[in-house]
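Convention: sequence-line order gives letters A, B, ...; per-chain numbering from 1.
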Protein chains: 2
Amino acid sequence: MVKLKKSIDKRNALMEATISLVNNNGFHAAPMSKIAKMANVSPATIYLYFENKQDLVNKVYLEVKSQFTSYAFENYDPKLPVEAGFEIIWRRIADFKLKETEEALFLAQCDNTPMISEDSRQKGLVHLQPLLDLWERGQKEGIIKPISPYLLYAYTINPLSFLMVMQNRGAFKIDEVDLEQAYRAAWNSISVPNRFK
Amino acid sequence: MVKLKKSIDKRNALMEATISLVNNNGFHAAPMSKIAKMANVSPATIYLYFENKQDLVNKVYLEVKSQFTSYAFENYDPKLPVEAGFEIIWRRIADFKLKETEEALFLAQCDNTPMISEDSRQKGLVHLQPLLDLWERGQKEGIIKPISPYLLYAYTINPLSFLMVMQNRGAFKIDEVDLEQAYRAAWNSISVPNRFK
DNA sequence: CAAAACTGAATGAACATTCATTTTTCTAAT
DNA sequence: ATTAGAAAAATGAATGTTCATTCAGTTTTG
């Protein structure tokens with residue numbers, strides 16, 4: 001696509017409309033016509049900014065994923081000790097999932113749809129590297145269990161997605177106490193037990 | 001719908017076709033016409049067994065969910081001590097998710113689609129009660145942390161879904177060692193730490 | 001031969017995408 | 001500064017496809 005100086009506002013409105021509609025009732029409930037209407041734009045205009053629906057959704061995905069990782073590492077310093085660094089990142093991720101619900105919910109919707117290409121998923125993961133590096137350092141120092149990063153992710157980050165979705169579905173409400181307990185659970189699951197602490 | 005003595009074989013074939021097609025590429029890729037073709041049946045025949053697509057999918061969901069819970073509690077005895085009982089259930093669930101991949105994947109697909117009604121979700125949860133009871137008993141005995149069952153689920157069962165999906169996506173392969181580590185992570189996250197054990 | 005089960009083709013709605021025009025913005029010559 | 005007119009943006013309606021569901025008729029079963 002040739003670089004054009006089209007209105008960035010319209011592009012943003014389209015992306016936000018996409019997020020909002022997908023959140024509301026899944027990809028199923030986000031036809032191009034509705035997206036256009038919500039963004040106050042003609043359906044045909046979408047195709048000036050995006051190649052097609054796949055392209056639109058994947059672009060939104062990458063944009064939101066990037067917001068997510070920026071947020072997660074905002075006040076992380078790789079020179080911090082392992083446990084402190086982990087807690088900072090974990091709490092930022094929790095914040096994002098519980099406060100930026102629109103964005104977090106959209107990402108959760110994307111996790112399971114074939115609308116997102118393998119390529120986009122791969123790209124979306126790249127910016128998570130600082131967390132993987134931290135874990136590796138923790139393992140070298142004998143603080144974090146020597147297990148696959150997939151396991152580390154499954155037991156520390158993924159539960160937050162589940163809790164966020166449940167909270168959004170109205171099943172229950174996460175308060176400060178729950179969050180504290182969730183952090184303890186996450187850390188206990190991946191840290192090397194130390195009975196002499 | 002009036003009770004008819006229609007062939008149970010056709011009904012089963014339709015359910016299996018649904019699972020297979022949904023797994024292959026999401027609900028998006030499972031049109032009634034394809035489901036019918038895969039079950040060697042006319043599209044019109046589906047409507048002799050199910051009211052409509054929603055009904056079909058929800059019935060399959062409840063059926064598979066029920067298979068899942070039967071499997072999970074197959075050799076569980078509520079009189080077992082808490083930790084032993086938990087380990088038995090956890091390992092059965094892990095087995096189901098990692099060996100009965102067709103069924104487990106289908107359930108994961110269902111977790112995020114608006115095609116499944118709130119009512120069906122509710123019904124699907126009912127048979128999980130023995131696990132909730134076990135957790136409650138563990139909490140009374142001071143063995144399991146006094147935290148919300150949603151947290152307990154998020155940190156012990158949900159990670160298995162994540163790992164299953166990742167394995168199915170080819171991202172990595174769970175071996176015996178991973179499984180052992182996963183169990184330790186799950187138990188460590190919810191059990192009351194005991195430094196004198 | 002009647003009731004039940006089943007069928008392929010037809011119907012109509014929803015949707016992504018394109019197209020022929022119109023509207024807006026930009027440029028540069030007066 | 002103004003404005004002609006070219007380029008860029010935007011549009012609503014049209015197109016063609018896919019799909020769930022229905023219907024009129026056929027086949028199977030008891």
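- The distance between atom CG of B:L48 and atom P of D:dT28, rounded to the nearest whole Å, is 16 Å.
- Distance A:N52 CG to D:dG16 P: 20 Å, rounded to the nearest Å.
- Every residue meeting the side-chain hydrogen bond (donor to acceptor under 3.5 Å, both in side chains) condition with A:Q54, not counting sequence neighbours, appears here in chain and number order: A:N58.
- Per the geometry, CG belonging to B:L56 stands 10 Å off P belonging to D:dA20, to the nearest Å.
- Rounded to a whole Å, the CD1 atom of A:I8 is 12 Å from the P atom of D:dA9.
- Applying the 4.0 Å criterion to OP1 and OP2 of C:dC6, one finds that B:Y49 has a side-chain N or O inside that range.
- With sequence neighbours excluded, no residue forms a salt bridge (Lys or Arg N to Asp or Glu O under 4.0 Å) with B:E63.
- By the salt bridge (Lys or Arg N to Asp or Glu O under 4.0 Å) test, B:K173 pairs with no residue at all, sequence neighbours left out.
- Regarding A:K10, its NZ atom lies at a distance of 12 Å from the C1' atom of D:dA8, rounded to whole Å.
- For B:Y47 and C:dA4, the OH to P distance is 23 Å, given to the nearest whole Å.
- At whole-Å resolution of the value, CD1 in A:I46 and P in C:dT18 are 12 Å apart.
- Listed by first and then second residue, the salt bridge (Lys or Arg N to Asp or Glu O under 4.0 Å) pairs that reach into residues 137-153 of chain A are A:E136-A:K140, A:R137-A:E141, sequence neighbours excluded.
- A cation-pi arrangement is absent between A:R92 and A:F73, since the terminal nitrogen or guanidinium carbon is not both under 6.0 Å from the aromatic centre and inside a 45° cone about the axis.
- With sequence neighbours excluded, the residues that form a salt bridge (Lys or Arg N to Asp or Glu O under 4.0 Å) with B:R91 are B:E87, B:E180.
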Please produce a list of atom pairs where a protein N or O lies less than 3.5 Å from an N or O of nucleotides 8-13 of chain C.
residue: C:dG8; atom: N7; partner: B:S42; partner atom: OG; Å: 3.0

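- DNA chain D is contacted by no residue of residues 19-39 of chain A, taking any non-hydrogen atom closer than 4.0 Å.
- Residues in residues 122-135 of chain B take part in these salt bridge (Lys or Arg N to Asp or Glu O under 4.0 Å) pairs, two or more places apart or across chains: B:D119-B:K123.
- For A:K65, there are no side-chain hydrogen bond (donor to acceptor under 3.5 Å, both in side chains) partners at least two apart in sequence or on another chain.
- Nucleotide C:dA5 holds its C1' atom 16 Å from the CG atom of B:N40, rounded to whole Å.
- In this structure, B:F162 has its ring center no closer than 6.0 Å to that of A:F162.
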